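Values in this document were obtained by computation on a predicted structure and should not be read as measured data.
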Amino acid sequence: MNIRLRFAFLFTGFVTLILAISSFSIYYLYANFRLQEFYPRINIEAEFRYNKYFDNSNNNSDFHNSQYSNLLASNKFSIVVFNKLLQPIYRYPSNTALNTSAVSKYTKSNPLKEFRFHEGDQESIITYVSKTNTYIYASAYDMYGLRKIHKIKLIILSVFFGGIAIAIFISYFFVTEALRPLKKLSNQMLKTTDIYLAKPVVVKNSKDEISQIAESYNAMIERLKEMFDFQKSFVNNASHELRTPLNLMLSETENALTKNLDTEQLKVVLQSLKEEQESVIEFTNSLLLLSKHERSAFKSWEQFRIDLFLQDSIESCKSEFPDAKVSFDFGNIRNEADLLIFANKTLLHLAIKNLIKNGYLHSFDKNVIIRLFYNDENVEITVINDGPEVPIENREKLFTPFFIAHTLDKKTHGFGIGLSIVNRIVEIHGGKILYSTYGFNKNCFIITLQKQKPVE
């Protein structure tokens with residue numbers, strides 16, 4: 001069942017429930033009103049005949065034969081006056097039978113109060129008259145009231161089923177109109193075979209949920225286009241970076257094969273090929289890391305001391321680059337609790353290592369300084385080196401994959417992936433990284449991380 005029919009049935013169900021409750025309430029209230037109106041009329045007629053009987057007790061035959069007009073004469077009215085021994089004193093009509101079971105129930109329960117009950121289609125009432133110590137049993141058929149009840153029942157049923165039919169039609173029409181933008185959105189999605197050919201859905205100037213869905217779809221299309229552009233750029237850049245060292249290795253290999261080289265010359269060629277292979281391996285590993293971090297989630301988080309972690313990262317970098325000079329300064333740390341942080345150790349270690357390596361490769365004196373600061377919610381790690389500054393026009397693209405800033409140092413070789421990996425890791429931790437300079441040829445990378453684990 002599609003959502004349009006589901007909503008139509010749901011709306012019709014609510015309307016049916018409301019109509020049912022309303023119809024039952026109207027019928028019940030009117031039926032109760034009929035009884036409340038009819039019983040006093042029975043009482044009036046019963047009292048009239050009772051008083052007539054006792055006023056004419058010396059001439060009962062004249063009373064029985066008298067013809068007079070009354071309100072209930074045409075409604076099968078009957079009356080029986082009886083004593084405590086359940087002996088009838090007066091009957092009208094003369095063949096009226098006394099309902100002994102109802103009378104017994106009345107006299108045993110509460111004989112001093114009025115007792116009302118149904119007898120088939122008749123409404124009956126029993127009352128006690130203390131003046132004469134007798135009981136009046138009266139019964140009548142509410143011809144006009146029941147006729148009205150029947151008419152009202154027909155009217156209510158007609159309105160009930162007519163209302164349901166109208167509700168079905170209106171709900172289906174309303175739901176169809178309400179979901180028309182979603183239908184257009186669905187058709188637009190089906191027609192979209194190429195993300196670059198996808199057209200945004202026209203959004204009306206309203207704040208309803210349908211417009212919000214359309215706006216979300218348009219925003220999704222834009223994000224997908226950005227992602228596809230990034231992937232296209234990624235593939236093009238990766239292909240270019242891989243093609244260059246592979247072509248060099250092929251060229252050197254062909255040259256070596258066409259010449260008769262001695263052992264020393266072969267060693268030189270092999271050493272050159274080894275360097276190019278290491279470069280390709282490093283580049284491939286960087287691509288894998290970048291791809292992995294793009295899919296990273298909040299996994300393997302733990303709490304640890306950031307100072308001990310930074311010292312371990314520094315020692316790891318020194319073992320890889322023995323001539324590197326890395327110093328570590330504490331800032332405004334007051335106690336051990338200030339040093340605790342929630343993070344993914346493996347990813348954060350990779351980020352710090354890449355920053356130290358970047359500072360080492362692009363510094364004048366192979367010297368890198370790491371400083372640690374904190375506040376109540378964040379820790380700040382600053383990596384500083386003396387080296388050529390990144391041109392102002394290139395700083396916005398510094399953390400873009402495959403972007404290589406043109407610096408004064410032409411000897412260093414890189415692929416432009418390291419800083420993009422650092423930026424992604426910092427984003428995963430809910431932090432941010434900034435590049436700035438101070439003084440002359442002083443480069444600063446500032447990482448700000450939350451102390452607590454960000455909400456997933």
Side-chain angles (χ1 to χ4, degrees), residues 285-286 288-363 365-387 398-399 417-438 442-456:
N285 290 335
S286 298
L288 291 174
L289 284 172
L290 184 60
S291 175
K292 177 182 177 181
H293 298 153
E294 286 297 326
R295 300 190 302 269
S296 293
F298 297 92
K299 297 178 181 178
S300 304
W301 287 65
E302 57 182 307
Q303 189 178 45
F304 54 88
R305 283 182 53 170
I306 188 64
D307 59 328
L308 298 179
F309 168 80
L310 290 175
Q311 289 173 359
D312 291 340
S313 298
I314 291 171
E315 293 301 322
S316 176
C317 289
K318 284 183 176 180
S319 64
E320 185 174 350
F321 307 106
D323 58 338
K325 302 174 184 177
V326 185
S327 58
F328 179 46
D329 293 337
F330 286 91
N332 57 339
I333 306 300
R334 295 178 301 184
N335 51 59
E336 183 178 337
D338 296 336
L339 301 169
L340 296 177
I341 185 174
F342 265 104
N344 184 310
K345 256 188 174 181
T346 303
L347 294 181
L348 194 58
H349 173 75
L350 179 61
I352 299 300
K353 181 180 177 181
N354 279 350
L355 281 181
I356 295 175
K357 179 181 177 181
N358 183 76
Y360 162 77
L361 293 176
H362 296 87
S363 66
D365 53 4
K366 311 300 181 184
N367 189 22
V368 179
I369 302 172
I370 298 179
R371 292 175 180 169
L372 183 64
F373 299 89
Y374 93 103
N375 57 39
D376 293 336
E377 297 180 355
N378 304 317
V379 295
E380 188 176 281
I381 303 169
T382 304
V383 180
I384 306 170
N385 77 311
D386 293 332
L398 194 57
F399 301 105
I417 297 180
L419 290 180
S420 64
I421 292 176
V422 174
N423 182 55
R424 179 58 185 149
I425 293 173
V426 172
E427 287 179 348
I428 290 174
H429 285 79
K432 59 183 179 179
I433 181 171
L434 299 174
Y435 169 80
S436 65
T437 60
Y438 69 95
K442 288 280 188 181
N443 298 285
C444 242
F445 287 92
I446 304 171
I447 296 178
T448 303
L449 297 173
Q450 300 178 15
K451 287 185 176 181
Q452 298 299 321
K453 182 178 179 180
V455 178
E456 299 184 21

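When each of T448, L449, I341 is tested with N378 by the rule side-chain contact (heavy atoms from CB on, under 4.5 Å), just one qualifies, namely T448.
Remark: E380 pairs with no residue by the salt bridge (Lys or Arg N to Asp or Glu O under 4.0 Å) rule, at least two apart or across chains. Considering only residues two or more places apart in sequence or on other chains, C317 meets the side chain to side chain contact (heavy atoms under 4.5 Å, CB included) condition with K353, I356. Not counting sequence neighbours, the partners of K366 by the side chain to side chain contact (heavy atoms under 4.5 Å, CB included) test are D323, Y360, S363. Scored by the side chain to side chain contact (heavy atoms under 4.5 Å, CB included) test, L340 finds Q303, R305 as partners (sequence neighbours excluded). Residues passing the side chain to side chain donor-acceptor pair (under 3.5 Å) test with S313 are H349, sequence neighbours excluded. Residues passing the side chain to side chain contact (heavy atoms under 4.5 Å, CB included) test with S327 are I369, sequence neighbours excluded.
V368 places none of its side-chain heavy atoms less than 4.5 Å from the side chain of F321. In this structure, the side chains of V326 and K318 come closer than 4.5 Å at one or more pairs of heavy atoms.
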Step-by-step side-chain contact (heavy atoms from CB on, under 4.5 Å) determination, V383 to I447 | CA-CA 8 Å; V383 180; I447 296 178; 5.9 Å; no
Worked check of side-chain contact (heavy atoms from CB on, under 4.5 Å) between F328 and L372 | CA-CA 8 Å; F328 179 46; L372 183 64; 4.1 Å; yes
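The heavy-atom pair separating V422 from A351 by the smallest distance is CG2-O, 3.5 Å. Residues S436 and I446 come closest through the heavy atom pair OG-CD1, 4.1 Å.
With rounding to the nearest 0.5 angstrom, the CG atom of N358 is 4.5 Å from the CG atom of L419. The distance from atom CZ of F309 to atom CD1 of I381, rounded to the nearest 0.5 Å, is 7.5 Å. Interatomic distance, CD1 of I370 versus CG of N385, reported as 11.0 Å (0.5 Å rounding). A distance of 11.5 Å separates OG1 of T437 from CD1 of I384, quoted to the nearest 0.5 Å. The distance from the CD1 atom of I433 to the CG atom of L355 is 5.0 Å, given to the nearest 0.5 Å. Rounding to the nearest 0.5 Å gives a distance of 10.0 Å between NZ of K357 and CG of L350.
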